[in-house]
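Worksheet for the structure shown next.
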Amino acid sequence: MIIQRPRGTRDFLPEEMQRRGQAKGAMQDVLRRWGYREVATPTFEHLDLFTLKSGPSVIEEIYSFKDKSGRDLALRPELTAPVMRMYVSELQNSPKPQRLWYFGNCFRYERPQKGRYREFWQMGAEIIGGSRPDSEAEAVALAEDMLKSVGISGDIHIGYLGLIRSILGRIDAEHRSSVMRMIDKKERDALAQLLEEIDCSHLGLLELIDSKGDQAMNQAAQIADDLRMHKEPQDLSRSSSNDKFSKEVTSQIPVPSGRDSAREGRKVEAELNLVEFEETVDLLKAYEVDFTIDFEIVRGLEYYSGTVFEIYAQGLGAQRQICGGGTYELASLFGGKETSSTGFGLGFDRIMEIAKMDGICSAPLYLAFTPDVKKEAAGIARNLRKSFPVIMDVMGRSLGAQIKAAAGSGADYVAIVGRDEIECGKLTLREMRGGEQESLSLAEIEERLKAHF
RNA sequence: GCCGGGAUAGGGUAGUGGCUAUCCUGAGGGACUGUGGAUCCCUCGAGCUGGGUUCGAAUCCCGGUCCCGGCCCCA
């Protein structure tokens, strides 16, 4: 072997590309039925676009480079940021909502393993500027619909960051990120211990993330009530600027201290809108989507603001997630007006590992000819190609060998042309499966095979 | 970044110091220049890579590359 493929990349042979094309087509059809329009963005962008969205730490996993003028560029590691960049610079003044979808290759410098490659394909959709519960329900239902179109029914888990953030608002600021991380990493024991240490066990966080489904919703409602009830004491405590948090306060709720607290208080109020999440859930039921409420889904990211969801599938080894998404606020980060969007991305390669498709594409019609009528055959092929795929021998093979080759290529039909056929103006159409042959005109062949291709 | 297992014709494999490298499949041609996957014949085609040990390396040792699975991470 002289030159190998770069690590984590793949070649796709014709059969595989056919499957991929089919799967993409099926999901694309679903998107069209939901009224989404395709967009495409460059394969490389300014590195800043991605560090702005995900922080400088992502540079480690980005293929970045300087171009000949010294610009810092990056092969795109995902597509949400580019699409939002495009929205901000080109679509901000178009009617809302913008329903967009995309499909493209992305690049990440990561250790390859099952379902993870350095070049991979993402398919996704964004609803920009819609109202939260309606967009969220639509996004989840759409994702489910797309997966179903390729024979996949995954486990859909739905969480709500507003509530988690509100609870975090009652935790001392210096511990918030650790708490968030532990939820995300499912480090349950460490989390329990930390909450105990900082005297926040009573907030119900553990109980919340441990319950799933309807039970989780009840927990959430109860916690939301508690939080609302204790809102006043928190506001009052603002005046005593130096005490961190005090057990003597009647509410027994620790509150953030210092100059942050006023802003945090407002933020909490704005984000604790469980009613909206309940509406999303109700709508999803109306869409007849099968899902699990799961407040453990936090997606660890700053810019998510409302409902977040993930979909998992069986049969993929360690990389089980095939879809992730939620409501986020990115437009303002890229210099646009504050606009809430809901979107999701699907891991196309993982989907291909488990997709089940039935449509079998047939091999082209094989036009076999004797050497003395090669030119006439070429003309006939040119005509037939207006209706369906046709291939001709280019190996200089005998008629017998051509038919043998056609059989080998899996063709269902062979059209035979020789001197006799040219003279009577009809071709011999051979049905390979049974071996029956008929003498038919071009028009008759087109009529006969129209349904087949 | 870490751990484990791998790499032999286009695909799948055997061999574990003596190789003129096994078998299946495949591809091209012919028997059969107007009718198919059979049969027979001919042909093509391989040790990832660089170094080391050795009289001798596909085989043993070391580095690199790539693949598979897992950890970390996962926008």
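Naming: A, B, ... by sequence-line order, numbering from 1 per chain.
Residues of residues 96-110 of chain A that place a heavy atom closer than 4.0 Å to RNA chain B, in numerical order, are A:R108, A:E110. Residues of residues 327-350 of chain A having a heavy atom closer than 4.0 Å to RNA chain B: none are found.
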Atom pairs, protein N/O to nucleotides 3-11 of chain B N/O, distance under 3.5 Å:
| residue | atom | partner | partner atom | Å |
| --- | --- | --- | --- | --- |
| B:C3 | N4 | A:R111 | NH2 | 3.2 |

Would you tabulate the pairs of protein nitrogen or oxygen atoms and nucleotide nitrogen or oxygen atoms of nucleotides 31-38 of chain B closer than 3.5 angstrom?
| residue | atom | partner | partner atom | Å |
| --- | --- | --- | --- | --- |
| B:G34 | O6 | A:R419 | N | 3.2 |
| B:G34 | O6 | A:D420 | N | 3.1 |
| B:G34 | O6 | A:E421 | OE1 | 3.4 |
| B:G34 | N1 | A:E421 | OE1 | 2.9 |
| B:G34 | N1 | A:E421 | OE2 | 3.4 |
| B:G34 | N2 | A:E421 | OE2 | 2.7 |
| B:U35 | O2 | A:R430 | NH1 | 3.1 |
| B:U35 | O2 | A:Q437 | OE1 | 2.7 |
| B:U35 | N3 | A:Q437 | OE1 | 2.9 |
| B:U35 | N3 | A:Q437 | NE2 | 3.3 |
| B:G36 | N7 | A:R430 | NH2 | 2.3 |
| B:G36 | O6 | A:M432 | O | 2.7 |
| B:G36 | N1 | A:M432 | O | 2.5 |
| B:G37 | N1 | A:A407 | O | 3.3 |
| B:G37 | N2 | A:A407 | O | 2.6 |

Please report, to 0.1 Å, the donor-acceptor pairs under 3.5 Å made by any side chain of residues 25-35 of chain A, with sequence neighbours excluded.
| residue | atom | partner | partner atom | Å |
| --- | --- | --- | --- | --- |
| A:D29 | OD1 | A:R32 | NH2 | 3.2 |
| A:W34 | NE1 | A:D145 | OD2 | 2.9 |

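For A:R20, the side-chain hydrogen bond (donor to acceptor under 3.5 Å, both in side chains) criterion is met by A:D349, not counting sequence neighbours. Checked against side-chain hydrogen bond (donor to acceptor under 3.5 Å, both in side chains), A:E431 has no partners two or more places apart in sequence or in another chain. For A:E207, the salt bridge (charged side-chain N to carboxylate O under 4.0 Å, His left out) test picks out no residue, with sequence neighbours left out. Not counting sequence neighbours, the partners of A:S131 by the side-chain hydrogen bond (donor to acceptor under 3.5 Å, both in side chains) test are A:D134. For A:K148, the salt bridge (charged side-chain N to carboxylate O under 4.0 Å, His left out) partners are A:E144, not counting sequence neighbours. In terms of the side-chain hydrogen bond (donor to acceptor under 3.5 Å, both in side chains) criterion, residue partners of A:N105 (sequence neighbours excluded) are, by chain and number, A:R76, A:E119.
Every pair passing salt bridge (charged side-chain N to carboxylate O under 4.0 Å, His left out) that includes a residue from residues 403-424 of chain A is listed here, sequence neighbours excluded: A:D372-A:R419.
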